[in-house]
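Quick note on labels: first sequence line is chain A, next is B, and so on, each numbered from 1. What you see below is based on every heavy atom in this structure, not just the backbone, and it leaves out hydrogens, waters and symmetry mates.
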2 protein chains.
Amino acid sequence: MARRAQGTSAGLDRERIAAAAVALVDRDGLERFGVRRLAEELEVDPMSIYHHIKGKAALLDAISEAVLAEVATAADDAQPHDWEEIARLTAHGYREMAYRHPRVFPLLATRAQTSPVALTALERLVTAMRAAGLPDQVVADAPLMLFGFLNGYLLAVLSGGSGQAGDMPAINATAYPTMAALASLQAGFGSVEEFDRIFDTVLGGIRDQADRRGTR
Amino acid sequence: MARRAQGTSAGLDRERIAAAAVALVDRDGLERFGVRRLAEELEVDPMSIYHHIKGKAALLDAISEAVLAEVATAADDAQPHDWEEIARLTAHGYREMAYRHPRVFPLLATRAQTSPVALTALERLVTAMRAAGLPDQVVADAPLMLFGFLNGYLLAVLSGGSGQAGDMPAINATAYPTMAALASLQAGFGSVEEFDRIFDTVLGGIRDQADRRGTR
DNA sequence: CTTGCCAAACCTACACCGTAGAACTTACCG
DNA sequence: CGGTAAGTTCTACGGTGTAGGTTTGGCAAG
């Protein structure tokens with residue numbers, strides 16, 4: 001481990017630290033992540049990191065911020081005004097980020113998201129829904145509903161398998177006959193098709209609720 | 001800390017350990033939880049715990065198992081056959097457990113649930129849905145959809161506030177005008193009314209999808 | 001050119017953590 | 001009475017986050 005003399009610059013900054021941290025969590029997982037290991041990766045003394053980020057909690061914040069930024073830039077390509085299309089695009093971007101960083105994702109799902117990038121995405125969606133004439137209460141509930149589902153679903157899908165698609169826990173057929181009978185229909189566990197199917201059902205719930213309440 | 005002589009029984013068993021662990025996490029949070037602190041609470045040497053539970057990971061498993069068991073016993077009171085009623089009852093029981101143990105809940109949402117108590121609840125729901133004539137694919141998707149939503153939603157609601165209801169993060173009005181305009185409609189953040197409203201919307205999605213696909 | 005200051009990096013040290021391994025005491029069974 | 005298994009404690013090791021102090025180089029003012 002090549003240590004440099006005190007006082008000489010190591011070129012550290014918040015961005016470089018966050019990028020290395022994301023890579024480290026991707027490789028070794030959240031459990032094994034720590035300040036010392038990150039420092040070793042950066043070829044730097046552990047305490048150097050604390051001059052840019054004030055503690056481990058802030059380090060985890062920086063990690064979630066970094067991966068969230070990825071999905072934002074990916075969703076900026078197209079700018080549709082149809083709210084369902086916005087929702088689907090955002091959801092797909094979010095899902096792809098989750099699959100790119102499966103071991104980072106629990107961090108995102110656990111922490112409240114109040115960063116500008118998250119709020120901007122929500123604002124866009126909510127504005128489009130309102131412009132489409134959806135009832136205000138339905139629009140107001142949408143963020144919690146959609147991202148609640150996305151976080152929970154992705155958490156389940158990512159922690160369930162080895163990363164390889166298509167492996168369910170393999171349930172006991174005699175104890176749970178109905179579940180077993182449906183097993184073949186759950187074959188594509190974690191696939192895009194499954195995601196589209198279920199996310200569409202959630203969107204359908206919003207549509208349905210809007211119809212039931214009238215168009216504002 | 002009253003230590004007993006070696007060899008004398010401390011009356012430890014998996015159940016008592018799990019109960020104490022749940023209480024400790026409820027009080028101090030997951031971050032501060034550890035084998036040594038739990039041992040102190042039980043007035044026992046840390047290593048004694050390892051004769052009943054093989055490691056910290058297994059300890060966390062025992063914790064989630066214990067809180068999951070609470071919701072099961074609560075849902076056994078009524079036995080309706082209407083699938084929507086089953087879903088609502090289960091969801092409410094699950095929600096109440098989450099509010100009883102807000103600092104334990106992230107453990108449940110993060111770990112894949114393959115325990116018998118979880119599978120039994122799913123089997124009941126899925127059987128009722130099938131009996132009602134819902135299309136198999138919709139039924140097969142329901143567990144992932146419903147518990148995905150429940151986990152994500154509850155995670156968001158529980159980590160968002162101080163535990164007191166009604167406090168949203170307080171967003172910037174000029175940067176996010178639409179969000180700000182809807183703020184008053186998000187007043188009951190974390191309330192039962194909000195939960196019922198959103199969960200109903202999700203159920204509506206399933207109903208809608210079933211109609212669209214025909215009744216099997 | 002000198003001086004002083006400060007940001008960035010390092011070093012040391014502390015309290016705490018999970019847990020492997022061995023020693024000890026007791027209860028029970030033959 | 002001897003043996004064995006279970007439950008508890010003791011000791012120790014390598015790891016962690018981080019508080020506090022020290023060193024160094026670069027830059028701006030005089």
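Contact check on A/Glu41 versus A/Arg27 returns a salt bridge, with a Lys/Arg side-chain nitrogen under 4.0 Å from an Asp/Glu carboxylate oxygen.
Listed by chain and residue number, A/Glu65 satisfy the side chain to side chain donor-acceptor pair (under 3.5 Å) test with A/Arg14 (two or more places apart in sequence, or in another chain). The side chain to side chain donor-acceptor pair (under 3.5 Å) search around A/Arg88 returns A/Glu84, A/Asp200, not counting sequence neighbours. Judged as a side chain to side chain donor-acceptor pair (under 3.5 Å), and not counting sequence neighbours, B/Ser48 has no contacts. B/Arg111 meets the side chain to side chain donor-acceptor pair (under 3.5 Å) test with B/Asp61; sequence neighbours excluded. Considering only residues two or more places apart in sequence or on other chains, B/Phe149 meets the ring pair (Phe, Tyr, Trp, His ring centres under 6.0 Å) condition with B/Tyr153.
Rounded to an integer number of Å, the gap from A/Leu59 CG to D/dT16 P is 14 Å. Between the CD atom of B/Glu40 and the P atom of C/dG18 there is a distance of 13 Å, rounded to whole Å. If you measure from atom CD1 of B/Ile49 to atom C1' of D/dG7, you get 13 Å, rounded to the nearest angstrom. For the pair B/Tyr50 OH and D/dC10 C1', the computed distance is 16 Å after rounding to whole Å. Distance A/Ile53 CD1 to C/dA7 P: 18 Å, rounded to the nearest Å. Here D/dT18 presents its P atom at 8 Å from NZ of A/Lys56, a figure rounded to the nearest Å. D/dA19 atom C1' lies 14 Å from atom CG of A/Asp45, rounded to whole Å. Nucleotide C/dC10 holds its C1' atom 12 Å from the NE2 atom of A/His52, rounded to whole Å.
A close approach under 4.0 Å does not occur between any side-chain nitrogen or oxygen of A/His51 and OP1 or OP2 of C/dC10. Put simply, B/Ser48 has no side-chain N or O that comes within less than 4.0 Å of OP1 or OP2 on D/dG7.
Between the side chains of B/Asp45 and B/Tyr50, no donor-acceptor pair of N or O atoms lies under 3.5 Å.
Closest to the side chain of A/Met47, out of C/dT19, C/dC10, D/dG17, is C/dC10.
Within residues 25-37 of chain B, the residues that have a heavy atom under 4.0 Å from DNA chain C are, in order of number, B/Gly34, B/Val35, B/Arg36, B/Arg37.
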